[in-house]
Amino acid sequence: MENMVSATTTGPQPQAVTAPPGGRQWLAVAGLVLVLACLLPPLVLLAHRYVLAETIQFTVFAMAGPALIVLGAPWRFLHLSGPASALAAERRARRSIMRAAAVLAAFFAVCLFWRLIPVVDALARQPLLILPEAVTLLLAGGALWLELVASPPIEPRLPRPQRALIAALAMWSTWAVAYVIGFSAHGLFSAYDPAGSGLGAVTDQEIAVALIWAVAGFCFVPVVIVTMLGWLTAGEGPDEEFQRIFRDDQDRAAVRGWGGHRPSARPGRRTAARPGAR
């Protein structure tokens, strides 16, 4: 996850796009296969009867699918080298944690919407709603994972400690979303009917909650561990890390014209002649 771009630059020019190292493009293939499996029978049919099956779709669209696709995105194969390099340059120039926080807030809002009880019931009654659910969750999840892991040439805009914080907050917010269908003494959803399968309505939704917790932990905990270990083994202490962030902010301010400004020589003033010069 911490692979760096092999090409180096001497200025703000976009870096050259390279294929994902180590055969990582197969991760994107796996992510696409998971997404397609959620849109095709038998899972798409089971999702109209079981909350658990619909929750499998949700976890793939929101977390597992975007994570795999971003990690292995083959930008060159998709003929997106130019846009990817431009995005990488823009992210290197703007590293504010507020932008990552806005992405996290959007991810939380989209996930919460698709787990509201009336919306989950509507997904069972209106099969075509699966398409906007898939699109919105994949976009929100993909934007979040671009903040957390490298997808060459696109690198995360934040230093490792802040990335670990964003990943932890994403995991906790997803767990909070699961409480929408949390522990209840009775079934919360009227459009699902698992009768005849030996799986009661309460058991169905409790297993769905456990699935969200498990997938969120499986996706985000490794990001927290890897980024923190990378930070601790990089030889930088907390003070050095935050001093570097402060220096980067000062440099960007100077480029925008808000930094220190050297006064120029007054017009009309002549420089002193050197001794012996005519």
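Residue numbers count from 1 along this sequence.
Rounded to the nearest 0.5 angstrom, Leu144 CG and Leu169 CG are separated by 10.0 Å. Note that the CG atom of Leu68 and the CG atom of Leu32 stand 9.5 Å from one another [nearest 0.5 Å]. Atom CZ of Phe58 is separated from atom CD of Glu133 by 7.5 Å, given to the nearest 0.5 angstrom. We find the CE-CG distance between Met63 and Leu138 to be 12.0 Å, quoted to the nearest 0.5 Å. For the atom pair Phe113 CZ and Leu137 CG, the distance stands at 10.0 Å (nearest 0.5 Å). Taking CH2 of Trp114 as the reference point, atom CG of Leu129 lies at 5.5 Å (rounded to 0.5 Å).
Note on ring orientation: taking the six-membered ring where Trp is involved, the planes of Phe220 and Trp145 are parallel (angle under 30°, cut-offs 30° and 60°).
In this structure, the side chain of Asp121 engages the main chain of Ser190 through a donor-acceptor pair within 3.5 Å.
Smallest separation of non-hydrogen atoms from Ile97 and Leu158: CA-CD2, 3.7 Å. Annotation for Val224 and Ala164: closest pair CG2-O, 3.7 Å, computed over non-hydrogen atoms. In this structure, Ala178 and Trp213 approach most closely via the heavy-atom pair CB-NE1, 3.4 Å. Between Ala150 and Arg24, the closest heavy-atom pair is O-NH2, 2.7 Å. Summarising the geometry of Ile130 relative to Leu123, their closest heavy-atom pair is N-CD2, 4.2 Å, with the distance given to 0.1 Å. Closest non-hydrogen pair, Pro66 versus Gly142, comes out as CB-N, 3.5 Å.
At a threshold of 4.5 Å between non-hydrogen side-chain atoms, the residues Val44 and Gln57 count as touching. A heavy-atom distance below 4.5 Å is found between the side chains of Val215 and Cys219. Thr227 has its side chain out of reach of Trp231: every pair of non-hydrogen atoms, C-beta onward, lies at least 4.5 Å apart. Arg49 is not listed as a side-chain neighbour of Tyr192, based on a closest heavy-atom distance of 4.5 Å or more. Put simply, the side chain of Ser151 reaches to within 4.5 Å of the side chain of Leu146, judged on heavy atoms.
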Worked verdict on Phe107 versus Leu112 for side chain to side chain contact (heavy atoms under 4.5 Å, CB included): CA-CA 9 Å; Phe107 172 77; Leu112 178 61; over 6 Å; no
Stepwise side chain to side chain contact (heavy atoms under 4.5 Å, CB included) check, Met171 with Val221: CA-CA 8 Å; Met171 180 178 64; Val221 167; 3.5 Å; yes
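Following chains of ILVMFWY side-chain contacts shorter than 4.5 Å, one cannot reach Leu40 starting from Val60, and the two form parts of different hydrophobic clusters. Ile69 and Val110 are assigned to two separate hydrophobic clusters, defined by single-linkage of ILVMFWY side chains at heavy-atom distances under 4.5 Å. Linking Ile, Leu, Val, Met, Phe, Trp and Tyr whenever their side-chain heavy atoms come within less than 4.5 Å puts Phe189 and Ile207 in one cluster. Two different hydrophobic clusters hold Leu34 and Leu139 under the rule that ILVMFWY side chains link at heavy-atom gaps under 4.5 Å. In the hydrophobic clustering of ILVMFWY residues, with side-chain heavy atoms under 4.5 Å counting as a link, Leu36 and Leu43 come out apart.
Note on Glu147 versus Arg157: salt bridge recorded, some NZ/NE/NH1/NH2 to OD/OE distance being below 4.0 Å. Salt bridge Arg115/Glu54: present, at least one basic N to carboxylate O contact under 4.0 Å.
The only option from Asp204, Val120, Ile212 that meets the side chain to side chain contact (heavy atoms under 4.5 Å, CB included) definition with Thr55 turns out to be Ile212.
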